[in-house]
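If you're wondering where the values come from, they're calculated on a predicted model, not measured in any experiment.
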Amino acid sequence: MGSFRFRLGPSLPEPRQADLRRAYVTGLDRTPSRVGVDIRKDVLTVQKGTTESGRLYVPWPVPGSGVPLIGTATLGDRNEPYNLAVELARGRLNDVRNQLSDWRQMGLKVGPDLERLVAASMESFTRAATSRDRPDVAFAAAQECLSRASAAGDALVAAYVDQVLQIRLAAGKLPTLLALGLDGDPAAAPWASKMGATFGVAQLHCPWKALAPHEGRFRFEDMDAQVVWATRQKMALHAGPLIDLRPGAMPDWIWLWQGDFDAILGMAIDVVRQTVARFKGKITTWHLVNRPGTTDILGMTEEDQIRLTARLLQVARQADPAAQFLVGFDRPWSEWMGSSSFQLGPLHLADYLARAELGMAGLVLEVAPGYSAPGSHYRELLDFSRMLDLYALLNYPLHLSFAFPSSSAPDPKAEANVAVEKDQWPSPPDEAMQASVAARWISLAVAKPFVRSVTWRQAYDGAPHLYPHAGLIRPDQTPKPVLEWIKAFRADFLP
């Protein structure tokens, strides 16, 4: 057993100390491990299951950037407590400088403004690191370093995105697909007629709960209507998630079989086989299973959920050998592993499925920053880029599904247990912020050549949905500003 000890500093308020209980530690493989967190007076103690060095990640207020989840540099066990603010500043500055060096080697051109921001960050960090006997000075300088390094990280990513998009655009429009998540029959919605010109792909809504509201009886009317509408709009057809391992997407009757894995597997096989066979030759890509091995559901162990996923991939391939089948994961940073008994996490589970050669054609990452579970804690753009690069090491195409909030007010149509974590954001979420964040995150995703599709998972806030206020269309059926940005972005960069 090992441990890290940190002094919190005199200026950290009690509410922020409570956030620290979300802390986790990563090692060389960047996978979060379980930790025990204890806060006494101004000392944070993190108990970990190994004596190996690692990085501590915690929610931390960064001036001008909200309360993102950020990490220290790599630390080793020692008796003397570290200064947490200083170590977080060191970690953030290291991340920015290392990424700057890597992208420069790839040919990135950096302007003087970014150079000045990095130099100012280093000056602030030097002052923080050399003020051990003056805690107030060290804390203030560390916070200043974090603010400057965060601004430098945003500027660095902006330069990367701009230059990569222009280079790739020289060979013609980018091949990344832009998809819209549908629900119900879009032909009845006044706003739907404009979507075919904005999105090239329709992501058909087909959770197990909607397809089989009664045990043994299937209902395909909504899905058939979506196929007809999308075909008339000349949109390509994707579908899913089909088997989404979260309570709100499972049929009500399935809970009668809780704990009986063989029965659950048999019924899941039936719905996959019948649904994929019904739409054979029409739907080219299926998001087949979502969230395996991330949460307890129906009494299935982590191993049960992996077995379920593997078997359903085999069944789907038999039903339509020409289609592509994807497996999806929520919370791709895996912060939940710090308090879970599950061992693998999305990265290693995806690697396991890839090595098993089951016919998986790619991975879906559900990106919903600043939401409670199944969303992720808010992070800065540089961390999003680093996360995508990590999953790219699996050498599988990535498909991203996005949700960004346009408000933090109550949303009666959203699932009751999902909330916008407004205190994590730099400012209270509104429609302008939704458009700004979406523009930066989607642009970065499209700049990555291994990202094959980007899906806006929720079209309309007036229909039942998972994430509050994440739609493109308001309940009164008028568009939000982000829709105009998406339309212009596709016209400039995508087919």
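A donor atom on one side chain and an acceptor atom on the other are not found under 3.5 Å apart for S406 and E431. In this model, a donor atom of one side chain and an acceptor atom of the other lie less than 3.5 Å apart for E366 and Y467. Looking only at atom types and distance, the side chain of Q226 has no donor-acceptor partner in the side chain of H205 under 3.5 Å away. With 3.5 Å as the limit, one finds no donor-acceptor pair spanning the side chains of W485 and Q434. Using modelled atom types and a 3.5 Å distance limit, the side chains of D304 and T301 yield a donor-acceptor pair.
Of all heavy-atom pairs between A350 and M360, the closest is O-CE, 3.8 Å. The heavy-atom pair separating S33 from Y24 by the smallest distance is O-CB, 4.2 Å. Heavy atoms only, all atoms of each residue included: K413 and A463 are closest at CB-O, 3.6 Å. What you find for A447 and L165 is that their closest heavy atoms are CA-CD2, 3.8 Å. Of all heavy-atom pairs spanning L444 and S385, the tightest one is CD2-CB, 3.7 Å. Here the closest heavy-atom approach between residue V37 and residue R21 is recorded as O-NH1, 3.5 Å.
Salt bridge absent: K282 and D320 never bring a charged side-chain N and a carboxylate O closer than 4.0 Å. With salt bridges taken as basic N to acidic carboxylate O contacts below 4.0 Å, one links E87 and R90. Ionic pairing of D492 and K173 is not present here: no N-O contact between side-chain nitrogen and carboxylate oxygen is shorter than 4.0 angstrom. A salt bridge links E144 to R148: at least one charged side-chain nitrogen sits closer than 4.0 Å to a carboxylate oxygen. Looking at D113 and R116, a side-chain N of the basic residue comes within less than 4.0 Å of a carboxylate O on the acidic one, giving a salt bridge.
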Review point. After noting the C-alpha distance and the side-chain angles of D95 and R55, does the key distance pass the salt bridge (charged side-chain N to carboxylate O under 4.0 Å, His left out) rule?
Key: CA-CA 12 Å; D95 286 343; R55 299 185 68 178; 3.1 Å; yes

**Study point:** Worked verdict on Q305 versus I297 for side chain to side chain contact (heavy atoms under 4.5 Å, CB included)
**Key:** CA-CA 9 Å; Q305 295 182 36; I297 187 167; 4.0 Å; yes

Practice item. Could you walk me through whether H465 and Y460 pass the side chain to side chain contact (heavy atoms under 4.5 Å, CB included) test, one step at a time? Key: CA-CA 8 Å; H465 49 265; Y460 176 43; over 6 Å; no

**Study point:** Steps toward side chain to side chain contact (heavy atoms under 4.5 Å, CB included) verdict (R92, F125)
**Key:** CA-CA 10 Å; R92 180 81 298 182; F125 175 74; over 6 Å; no

**Study point:** Audit row: T176, F493, side chain to side chain contact (heavy atoms under 4.5 Å, CB included) steps and yes/no
**Key:** CA-CA 9 Å; T176 311; F493 296 102; over 6 Å; no

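Between the side chain of Y352 and the backbone N or O of L344, no donor-acceptor pair lies under 3.5 Å. Side-chain atoms of E421 do not come within 3.5 Å of backbone N or O of G370 as any donor-acceptor pair. In terms of modelled atom types and a separation under 3.5 Å, the side chain of W456 and the main chain of Q458 share a donor-acceptor contact. Using a distance-only test at 3.5 Å, with no hydrogens or angles considered, a donor-acceptor pair links the side chain of S372 to the main chain of A419. A donor-acceptor contact shorter than 3.5 Å links the side chain of R379 to the backbone of H377. Not a single donor-acceptor pair under 3.5 Å links the side chain of K48 to the backbone N or O of F4. Within the 3.5 Å criterion, the main-chain N or O of A432 finds no donor-acceptor partner in the side chain of S436. Judged by distance alone, the side chain of T72 and the main-chain N or O of L88 form no donor-acceptor pair under 3.5 Å. For S147 (side chain) and Q143 (main-chain N/O), no donor-acceptor pair under 3.5 Å exists by modelled atom type. Of the possible donor and acceptor atoms, one in the side chain of S407 sits under 3.5 Å from a partner among the backbone N and O of A409.
Atom CD of residue E303 and atom CD of residue Q343 lie 12.5 Å apart, to the nearest 0.5 angstrom. Atom CZ of residue F450 and atom CG of residue L388 lie 5.5 Å apart, to the nearest 0.5 angstrom. Rounding to the nearest 0.5 Å gives a distance of 10.0 Å between CG of L347 and CE of M337. Between H399 atom NE2 and T455 atom OG1 the span is 9.0 Å, to the nearest 0.5 Å. In this structure, CG on L472 lies 13.0 Å from NZ on K487, to the nearest 0.5 angstrom. Separation of atoms CD (E380) and CG (L69) is listed at 10.5 Å; rounding is to 0.5 Å.
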Under 3.5 Å, which donor-acceptor pairs link side chains of residues 241-249 to any protein atom two or more places apart or in another chain?
residue : atom : partner : partner atom : Å
D244    : OD1  : N290    : ND2          : 3.4
D244    : OD1  : R291    : NE           : 2.7
D244    : OD2  : R246    : NE           : 3.3
D244    : OD2  : R291    : NH2          : 3.4
R246    : NH1  : E415    : OE1          : 3.4
R246    : NH1  : E415    : OE2          : 2.5

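By the 4.5 Å heavy-atom criterion applied to side chains, L100 and R97 are not counted as neighbours. In this structure, L180 and V201 have side chains that are not in contact, with every pair of non-hydrogen atoms separated by 4.5 Å or more. With contacts defined as side-chain heavy-atom distances shorter than 4.5 Å, the pair L56/L84 qualifies. When side chains are defined from C-beta on, V327 counts as touching L353, because their heavy atoms get closer than 4.5 Å. Annotation: side chain of C206 is in contact with side chain of W286 (closest heavy-atom distance under 4.5 Å). A heavy-atom distance below 4.5 Å is found between the side chains of L288 and L312. You'll find the side chain of F342 reaches within 4.5 Å of the side chain of D296, heavy atoms only. Counting heavy atoms from C-beta outward, M223 and L211 have side chains that approach closer than 4.5 Å.
Between F402 and W441, a ring centre-to-centre spacing not shorter than 6.0 Å is recorded. The aromatic ring centroids of Y160 and W103 lie less than 6.0 Å from each other.
Surrounding CD of Q47 are more than 12 heavy atoms belonging to other residues, nucleotides or ligands, all under 6.0 Å away. Atom NZ of K448 has more than 12 neighbouring heavy atoms from other residues, nucleotides or ligands inside a 6.0 Å radius.
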